[in-house]
Amino acid sequence: MSIPRVIILVGLMGTGKSTVARELAQHFGAECLDTDKIVETRAGKSVRAIFDEDGEDVFREHESQVLQQCLLSSGPVVVAGAGGVVVRKENRDAMKKASHDGIASVVWLHAPPEVLVQRTQKGAHRPLLDNDREGTLRKMAADRSSWYSEVADIVVDVSSRSPESVAALIVDALSVGDATSGGSNE
Ligand code: S3P
C-alpha cells in the first residue's frame with residue numbers, strides 16, 4: 001500500500017492527535033512529528049511561555065512556519081498538528097494544496113466538546129484552557145469545525161474509540177481512499 005508522504009492529524013485539543021500519530025508512525029515505519037514540540041524547540045521555550053511572554057500571534061507565526069516545514073518533509077512522516085493549526089487561512093490553504101498535489105492526507109480527529117472536557121486537563125501546553133475549559137472548547141468547536149472539515153480528507157469520530165482503534169481506522173481509510181471513518185463530517 002502506498003501512503004502519502006505526509007499524514008497530518010488535525011482536531012481540537014484532547015482528540016488524541018499525538019498518541020494516534022505515534023501509533024500510525026510505528027505502523028508505517030514513518031517519522032513522527034508534533035508541531036507543538038517543534039515550535040518549542042525553535043522558540044527555545046515552552047508553548048505556555050510563548051503565549052505568556054510573546055502572545056498568541058507569535059505562537060501562531062511559529063506554528064505556520066513549522067507546518068510549512070512539515071509539509072516539505074521528504075517523508076514519510078506523520079504529523080500531530082496542534083489544535084489551532086487550522087486557524088490561519090494560509091495554513092488551511094497549504095494543507096489543501098498538499099492534499100490536492102498528492103503529497104499529504106489530512107485526517108480530522110473529531111469529538112464533541114463534552115467528550116473533550118473529560119479528556120483535557122489544565123495541560124502545561126494548553127494555556128487557552130486555563131479558564132472555563134468547557135466554554136472554551138465549545139466555542140473552539142463552533143469556530144473551527146468548518147475549518148477542520150474544509151481541510152480534511154478523512155474524518156474519524158474518536159468519541160468512544162481507543163487511539164489504537166482510531167489508528168486502525170485511519171490505516172483502512174488511507175488504503176481504500178475513504179472519506180469518513182466511523183464518524184460524521186459535521
Ligand atoms: C492549541 C492547541 C494546543 C497548543 C496550544 C493552542 C489550540 O495543542 O498548540 O495550547 O489553539 O487549539 P494540542 O492540540 O496538541 O493540545
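Atoms within each ligand, like the ligands themselves, are counted from 1 in listed order.
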### Message
Could you check whether K89 pairs with D93 (Lys NZ or Arg NE/NH1/NH2 to Asp/Glu carboxylate O, under 4.0 Å)?
### Response
yes
### Query
With the 4.5 Å side-chain cut-off for hydrophobic clustering, are V47 and V58 part of the same group?
yes
### Message
Under 4.0 Å from a heavy atom of R126: which atoms of ligand 1 are those, numbered in the order shown and with their elements?
### Response
10 (O), 16 (O)
### Query
Under 4.0 Å from any heavy atom of L128, which atoms of ligand 1 are there?
11 (O)
### Query
Is any NZ, NE, NH1 or NH2 atom of the basic residue among K139 and D143 found under 4.0 Å from an Asp or Glu carboxylate oxygen of the other?
yes
### Query
Would you say the side-chain atoms of Q65 and Q69 include a donor-acceptor pair closer than 3.5 Å?
no
### Task
Taking only Lys NZ, Arg NE, NH1 and NH2, and the carboxylate oxygens of Asp or Glu, determine whether E40 and K45 approach each other closer than 4.0 Å.
no
### Query
Which atoms of ligand 1 sit under 4.0 Å from any heavy atom of F59?
9 (O)
### Query
Can you tell me if R144 has a non-hydrogen atom under 4.0 Å from ligand 1?
yes
### Task
State whether the shortest distance between N or O atoms of A82 and N or O atoms of ligand 1 falls below 3.5 angstrom.
no
### Query
Considering only heavy atoms of P127, which atoms of ligand 1 have at least one such atom less than 4.0 Å away?
10 (O)
### Message
I'd like to know if R138 and E114 make a salt bridge, using a cut-off of under 4.0 Å between side-chain N and carboxylate O.
### Response
yes
### Query
Near D36, which atoms of ligand 1 are under 4.0 Å from a heavy atom of that residue?
3 (C), 4 (C), 8 (O), 9 (O), 13 (P), 15 (O)
### Task
Report the distance from atom CG of L9 to atom CH2 of W108, rounding to the nearest 0.5 Å.
14.0 Å
#### Entry: Donor-acceptor contact present, side-chain R42 to main-chain V66, <3.5 Å
no
### Side chain, backbone, both or neither: the part of K17 lying under 4.0 Å from ligand 1 by heavy atom
side chain
### Query
Any idea which protein heavy atom is nearest atom 2 (C) of ligand 1, and the distance to it?
M13 CG, 3.5 Å
### Query
So is R60 in contact with ligand 1, going by heavy-atom distances below 4.0 Å?
yes
### Nearest non-hydrogen protein atom, atom 5 (C) of ligand 1
H125 O, 3.5 Å
